[in-house]
Amino acid sequence: VAVFSKLARSCGLTRDLTEARRVHSYIVDNVCLRTNRFLSNLLIEMYGKCGSPDAARTVFNDIQHPNCYSYTVMLSAYAQNGHIHEARATFDMMHQRDVIAWTAMLSSYSANRYLDQAKKLFDCMPQRNTVSWNAMLQAYTENGDLQSALELFDQMPEKSLISCNNVICKLGHSGHPHQARSFFDQIPERDVATWTALVMAYIENGLLDDALSVFDRMPHCDVVGWTTVLVAFAERGELNEARLIHQQMPARDVVAWNAMIQAYAQRGQLEEARLMFDRTPKHDVVSATVMIAAYAQDGRSLSDAKAIFDSMGRSSRNVVTWNALVQAYVEAGDLNAAKATFECIPRPDVVSWNAMIAAYAQNDDLETAEEFYMKIPERN
RNA sequence: UUCAACGACUGGUAUCU
C-alpha cells in the first residue's frame, strides 16, 4: 500500500496518464489493494490530476462505502477538469458534508468562474474555518472583484498569511503596486511567498528597481523568488542577467528551467533555447510546449516542432500543447494541417478556436473563419 | 510511529486574440 500510494501520488504530480493507468492496473490485479479505500481515494485524485475524471469515476463507483475523502476528491476531480455540474452532483450525493467538502465545492465554483454560486455557497455554509474564508477571498481575487475581496478581508475573523499574500498578489495584478507595498508593511508577519508577491507586484507594473531592492532584502529566497526575477530580466531582454541568475540560483526546478528556455525562445534564440531544453534534467509538459511554440514562431522549424510533439506521448500533452502545434502549422502557412491537427484535439478550448478563426481570417478566408466561429460551443 | 496514511485556501514558467 505504501508503495502504490507513492506511485499514485507521483503520477498525479507529473500528470502522466499512461503511467497512472499502469499503476491502476497493478492495483486492480490484487484484491486487497483493489478494495482498499485509502488507495482508491488516491487513485481518484490521481486521475483527476491527469485529466481523466471518467477514470476517476470508475474507481469511485467501485468503492463500497465512500467516505468524505472519496467524495471530496471526486468532486475536485470533476471541477479541475471543468465539469462543474458533475462536481455539484457529487457534492449533493454526500450524506454528511464536512467543512472541507463545503470549501472544496466553493473553490470548484470559483475555479470554474461561477463567482455568484461560490458566494451563495459561502453564505449558507454551516461552518467556516480560515481556509473557507481564504477560499472565498480567492474566489473574489481570481474572478476580478478587488473591492469585494478587500471588504471580505476586513471581515475575516482570522487572517492568515495566505489571506494576506492573496491580497498583495491581487493588488499587484490590479495595477496598485504601492498599495501592495503599504499592505505589506502593515501585516504582522511575512513568509517567502509574501515577499515574492510584492516583488512580483513591482515587476508586473514595470518597477524593476523597486522589485530588486525588495528582492535584496528578502530574508530567505526560494526557487520561486529566483525564477520571478529571472523572468523579469528575461522579459526586458536582459538575457545575460537572466542566465546568470539561472546559473547562480541555489536550486533549479523544472519551472526555472522552463523559464530560461522561454527566455531564449522569446528573443528568437532557438539554438540556445534548445540547449537549455536538452540540459533540463526532467521535462514536463510546459518544457515541451515552450519548445514547440518556439519552433512555431520561427515558421521554418515545423519538423522540429513536430518531433518534440511526437516524442511526448499522447497522455502527457494538454490542450496548450495541441494549440502550440496548431499554431506551428498556421505560422508555416499550412492551414490544412492546422485544421487536421485542430480536429485531433481532445478538448479544444477558446484559444484553439480563436487560433483557427484568426488563421483563416488572416489568410483572407473569411468564410471558413466564420464557419469556425459559428461552431464554437462556448464563447467568451 | 499504525485508533496511522488520503480531500479544501496564497507567490514563479508555456499556446490564440
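In what follows, chains are A, B, ... by sequence order, proteins preceding strands, each numbered from 1.
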What residues in residues 164-181 of chain A put a non-hydrogen atom under 4.0 Å from any atom of RNA chain B?
A:Asn165, A:Asn166, A:Cys169
Students often get this wrong, so: under 4.0 angstrom with heavy atoms, is A:Asn129 touching a base, only sugar-phosphate, or nothing?
base
Quick check for you: to the nearest 0.5 Å, what is the distance between A:Ile292 atom CD1 and A:Gln327 atom CD?
12.5 Å
For A:Arg300, give me all partners under side chain to side chain contact (heavy atoms under 4.5 Å, CB included), at least two apart in sequence or on another chain.
A:Asp298
With respect to the side chain of A:Gln138, which nucleotide from B:U15, B:U10, B:A14 is positioned closest?
B:U10
So does A:Asp222 reach the base of B:G12 with its side chain, donor to acceptor, closer than 3.5 Å?
no
With a 4.0 Å cut-off on heavy atoms, is A:Asp284 in touch with a base, just the backbone sugar-phosphate, or nothing at all?
nothing
Which part of the nucleic acid, if any, lies within contact of A:Ala256, taking any heavy atom under 4.0 Å across all strands shown: a base, the sugar-phosphate backbone alone, or nothing?
base
Nearest-angstrom distance from the residue atom OH of A:Tyr69 to P of B:A8:
10 Å
Nearest of B:C9, B:A14, B:A8 to any side-chain atom of A:Ser76?
B:A8
Return the value, rounded to whole Å, for the distance between atom CG of A:Leu106 and atom P of B:U10.
12 Å
Closest to the A:Thr228 side chain: B:G12, B:G7, B:A8?
B:G12
Does B:U13 have its OP1 or OP2 closer than 4.0 Å to a side-chain nitrogen or oxygen of A:Gln262?
no
Over how many whole Å does the gap from A:Met249 atom CE to B:G12 atom P extend?
14 Å
For the base of B:G7, is there a side-chain donor-acceptor partner from A:Asp98 under 3.5 Å away?
yes
What is the distance, to the nearest angstrom, from the CZ atom on A:Arg9 to the C1' atom on B:A5?
7 Å
When you measure from the side chain of A:Val73, which nucleotide among B:G7, B:G12, B:C9 comes out closest?
B:G7
Looking only at atom C1', what distance separates B:G7 and B:G11, rounded to whole Å?
23 Å
Regarding A:Val199, tell me which of base, sugar-phosphate or nothing describes its non-hydrogen contacts under 4.0 Å with the strands shown.
nothing
Would you say the side chain of A:Asn323 and the base of B:A14 hold a donor-acceptor pair, judged only by whether the two atoms sit under 3.5 Å apart?
no
Atom CE of A:Met94 and atom P of B:A8 are separated, to the nearest Å, by 13 Å
To the nearest angstrom, how far is A:Gln80 atom CD from B:G7 atom P?
12 Å
Are A:Arg22 and A:Glu19 within salt-bridge range, i.e. N to O under 4.0 Å?
yes
A:Ser110 and A:Ser107: side chain donor to acceptor below 3.5 Å
no
Once you apply a heavy-atom cut-off of 4.0 Å, does A:Val192 come out as touching a base, just sugar-phosphate, or nothing?
base
B:A5 base / A:Asn36 side chain donor-acceptor hit below 3.5 Å:
no
Looking only at the side chains, is there a donor atom on one of A:Asn258 and A:Asp284 sitting less than 3.5 Å from an acceptor on the other?
yes
Atom OH of A:Tyr109 and atom P of B:C9 are separated, to the nearest Å, by 17 Å
Would you please indicate yes or no on a ring centroid separation below 6.0 angstrom for A:Phe91 and A:Tyr109?
no
Centroid separation under 6.0 Å, is that true for the rings of A:Trp353 and A:Tyr373?
no
C1'-based separation of B:A5 from B:U1 [nearest Å]
11 Å
Quick one: which of B:A8, B:U13, B:U10 gets closest to the side chain of A:Ala193?
B:U10
Looking at A:Asp123 and A:Lys119, does any basic side-chain N land under 4.0 Å from a carboxylate oxygen?
yes
Inter-nucleotide C1' distance (B:G12, B:A8), Å rounded
23 Å
Separation of the P atoms in B:C6 and B:U2, to the nearest angstrom:
15 Å
Between CD of A:Glu204 and C1' of B:G11 the distance, given in whole Å, is 11 Å
is_close_aromatic(A:Trp133, A:Phe122), centroid dist under 6.0 Å
yes
What about A:Asn354, does its side chain sit under 3.5 Å from the base of B:U17 through a donor-acceptor pair?
no
From the set B:G12, B:C9, B:C6, return the single nucleotide nearest to any side-chain atom of A:Ile162.
B:C9
hbond_proxy A:Thr196 side chain to B:G11 base (donor-acceptor, 3.5 Å cutoff):
yes
